[in-house]
Every structure is written in structure tokens, then in C-alpha cells.
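Notes to accompany the following structure.
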Amino acid sequence: MTATTTAPRTTTAAAPVRREARRGRVTGGLLTSLTWILALGFFFPVLWMAMTAFKQENQASSDPPTWFFSPTLDQFRAVIGESGSYVANSAIATGVSTVLVLLLGIPAAYALSIRPVEKVSDVLFFFISTKMLPVVAVIVPIYVIAGQLRVLDNIWTLVVLYTAMNLPIAVWMMRSFFQEIPAEVLEAAAVDGAGLMKTLRSVLIPMVAPGIAATALICVIFAWNEFFFALNLTASRAATVPIFIVSTMTSEGLFLARLSAAALLASLPVILAGWIAQKQLVRGLSMGAIK
């Protein structure tokens, strides 16, 4: 009786598997390194801006660049002392417009998803088509209308425009979130005798709360960073934070350290809001994803 050995055959068969696994680890390592290099490349301007904000003006504009310096808060003190009204205007325009967008967008998204109206596709196309028109093409009629109504340099003009600017995006996003709700939930609410408003308020809105948070955060980012309308429709009373940043570029020259401090402070509210709401943002965007 002869014995057969299969160990060499097993070893030979396992060798390609090990080579494939090794090749996969090498490829994964290269992709990870490339991703980190790209991420650091995109982040470097932000890092340089943050460093410049802590320099004196002569250090910020030196050639070659000043890498080692004693940090100072002089630029931040100057910016904070001058930007109070600008921050207040941006907070009012951003906060009120975001609330209005949610109040108008949630019922509209409900009507276009759970209780669809006639010609839903046409309505959705009308909403999104308003984002296809270049802003520069409408600024002249808007300026003329605002002048006739005597609402130039008025913060409530920006509130109305920011609401109109963000509403189409909010409707499209909220519609995708509402479409993820199972029909059985609505049937159960109807069996329990819940009306339209009670179903919307007590059942649907709690279920899509992460989507509402994601939509609100995106509206806040767009409204806080908006520049074109604020530049052309405001002067001094209703000027927002982006206008204040531009004001650092004067006829006397470009004050890089002051500009960097203003840009860093202007970015902090949006960064903090995104960091605080990151779980809701990720969950909300994944809720509306196509599965």
C-alpha cells in the first residue's frame, strides 16, 4: 500500500494567493500614501492661512517666507473689533433664511414624494432650473427692483434672496429623504387616525431629522459664504462677513496677516457647525443616497 503526499501541491497552490495578497497590500499602501499626499496638498493653503494670521504684517509679506516667528494675536484683536456688525448681519441672514427654507421646503418635499402632485417631474425640473441661471444674469433686474422698493442695503433683502437661492436644493434633498420612509409607516399612522399635519409633525419629521440637519447645514454653508448678492446689494448697514474680508484689501495695499485672520475667523462658524453636526450630516446624506 503506497502513501500519497499532497503537501507540496498545497504549498504550490497557496503561493499565488500569498503573492496576490502581498500585491494587494502594496497597492493599498500606495493608494493610502497618495491619498494622504493629496489631502495634505489641499490642506496646506488652509494651514498657511492659519499660520499667517498669527504673524505681523512685515512677516506675512516677507520674501522668502518667514517660517519661524513669535505668534501674536494683534490681527485677531483688530478683526474682532471691526467685524461686529458684519457678523451680526451674516448671522441674521443665514439663520432666518435657513429657517424659512426648512419651513417651505419640508412641505414641498412631502408633496413631491409621499403625496405626489400632478406632473412631479415638471415641478422638480422647475425647481432645479432656477439654479442653472447664472447669478450675474439676474443681478441687474434684482438691483432695479430692490431700488424701486427702496430695500437696497437691507438685510431682509438678503434673507429673501438666500431663501430663494437655497430652497431648490433643500426640496431636492428633503424629497430623497422622504422617499426612504417605508409606506407601512404611513399606513400605520392612517390606521391610528393621524391626520396630515400630525403625521408630518409626529411621525415623518422625527424619522428624517438627520436629513433635515444635513439640509440645514448645507443651507447655512451656502448662505454664510455667499458673496455676489452681498457685494452688489449692500453698502454699509447690511454688509456681511465676506464683504468685511474684502475690505481688508485697501488702496494702501494688501494686508495679508489681517486678511488671513479675518478669513480664519469667518471660517470657524461653518467648521464648528459641520464638526458638531457631522454624525447627523453623514447619516442624513446616506439616508438620501440611492440604494
Side-chain angles (χ1 to χ4, degrees), residues 45-46 49-50 52-54 57 60-61 73-102 104 130-131 133-170 216-274:
V46 179
M49 177 188 71
T52 306
F54 291 93
E57 288 295 345
S61 57
L73 297 176
D74 292 344
Q75 312 304 329
F76 291 97
R77 294 190 187 98
V79 168
I80 293 174
E82 299 174 4
S83 63
S85 61
Y86 299 91
V87 174
N89 289 333
S90 284
I92 293 172
T94 301
V96 177
S97 65
T98 301
V99 172
L100 290 176
V101 165
L102 294 179
L104 297 173
T130 60
K131 301 297 296 180
L133 184 66
V135 180
V136 69
V138 299
I139 190 62
V140 172
I142 290 177
Y143 184 90
V144 172
I145 294 172
Q148 293 292 329
L149 297 176
R150 297 183 180 180
V151 290
L152 288 174
D153 200 16
N154 190 311
I155 191 61
W156 299 109
T157 303
L158 294 183
V159 169
V160 173
L161 292 175
Y162 292 174
T163 302
M165 175 183 71
N166 289 326
L167 187 57
I169 299 175
L217 181 58
I218 290 176
C219 292
V220 166
I221 293 173
F222 286 167
W224 183 269
N225 294 331
E226 200 284 323
F227 175 73
F228 192 77
F229 285 137
L231 176 65
N232 289 279
L233 300 177
T234 65
S236 58
R237 292 180 301 171
T240 57
V241 169
I243 305 303
F244 173 74
I245 295 176
V246 174
S247 69
T248 60
M249 297 181 288
T250 65
S251 58
E252 300 176 359
L254 179 60
F255 297 92
L256 289 176
R258 186 166 176 248
L259 175 62
S260 298
L264 185 60
L265 288 177
S267 304
L268 284 180
V270 175
I271 294 174
L272 291 176

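The structure presented is a predicted model; accordingly, all values stated were derived computationally and were not measured.
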Open item on the list: side-chain contact (heavy atoms from CB on, under 4.5 Å), that's the test. Do Leu231 and Val246 meet it? Break it down for me.
Closed with: CA-CA 9 Å; Leu231 176 65; Val246 174; 5.5 Å; no
Task: Note, Ile245 side chain near Tyr86 side chain (heavy atom, < 4.5 Å) - done: no
TODO: Looking only at non-hydrogen atoms, find the nearest pair between Trp224 and Ser90 and report the distance.
DONE: CZ3-CB, 3.6 Å
TODO: Find the distance between CG (Asn232) and CZ (Phe227) and round it off to the nearest 0.5 Å.
DONE: 8.0 Å
Open item on the list: For Leu264 versus Ala53, what's the shortest heavy-atom pair and its separation?
Closed with: CD2-CB, 4.3 Å
Task: Sub-4.5 Å side-chain heavy-atom contact between Thr240 and Thr234 - done: no
Task: Over 12 non-hydrogen atoms of neighbours within 6.0 angstrom of CZ in Phe228 - done: yes
Task: Which residues share a side chain to side chain donor-acceptor pair (under 3.5 Å) with Glu226, sequence neighbours left out - done: Tyr162
Open item on the list: Apply side-chain contact (heavy atoms from CB on, under 4.5 Å) to residues Val79 and Phe244 and explain how you reach the verdict.
Closed with: CA-CA 9 Å; Val79 168; Phe244 173 74; 3.6 Å; yes
- [ ] State, with a plain yes or no, whether a side-chain heavy atom of Asp153 is found less than 4.5 Å away from one of Ser236.
- [x] yes
Task: Distance-minimising heavy-atom pair for Met49 and Ala263 - done: SD-CB, 3.5 Å
TODO: Report the distance from atom CG of Asn89 to atom CD1 of Ile155, rounding to the nearest 0.5 Å.
DONE: 4.5 Å
Open item on the list: As a test of understanding, state which of Thr163, Leu167, Val160 forms a side chain to side chain contact (heavy atoms under 4.5 Å, CB included) with Leu100.
Closed with: Thr163
Open item on the list: So which atom in Gln75 and which in Glu57 form the shortest heavy-atom distance, rounded to 0.1 Å?
Closed with: OE1-OE2, 3.6 Å
Open item on the list: Can you give me the closest heavy-atom contact between Ala137 and Pro141, atom names plus distance?
Closed with: O-CD, 4.1 Å
TODO: Just jot down the side chain to side chain donor-acceptor pair (under 3.5 Å) partners of Asp74, sequence neighbours excluded, or say none.
DONE: Gln56, Thr72, Arg77
Open item on the list: Taking Thr94's backbone N and O only, do any of them form a donor-acceptor pair with Ser97's side chain (distance below 3.5 Å, no angle check)?
Closed with: yes
Task: Asn166 to Cys219 - nearest heavy-atom pair and separation - done: ND2-O, 3.3 Å
- [ ] Mind running side-chain contact (heavy atoms from CB on, under 4.5 Å) on Leu233 and Leu152 for me, showing each step along the way?
- [x] CA-CA 6 Å; Leu233 300 177; Leu152 288 174; 3.9 Å; yes
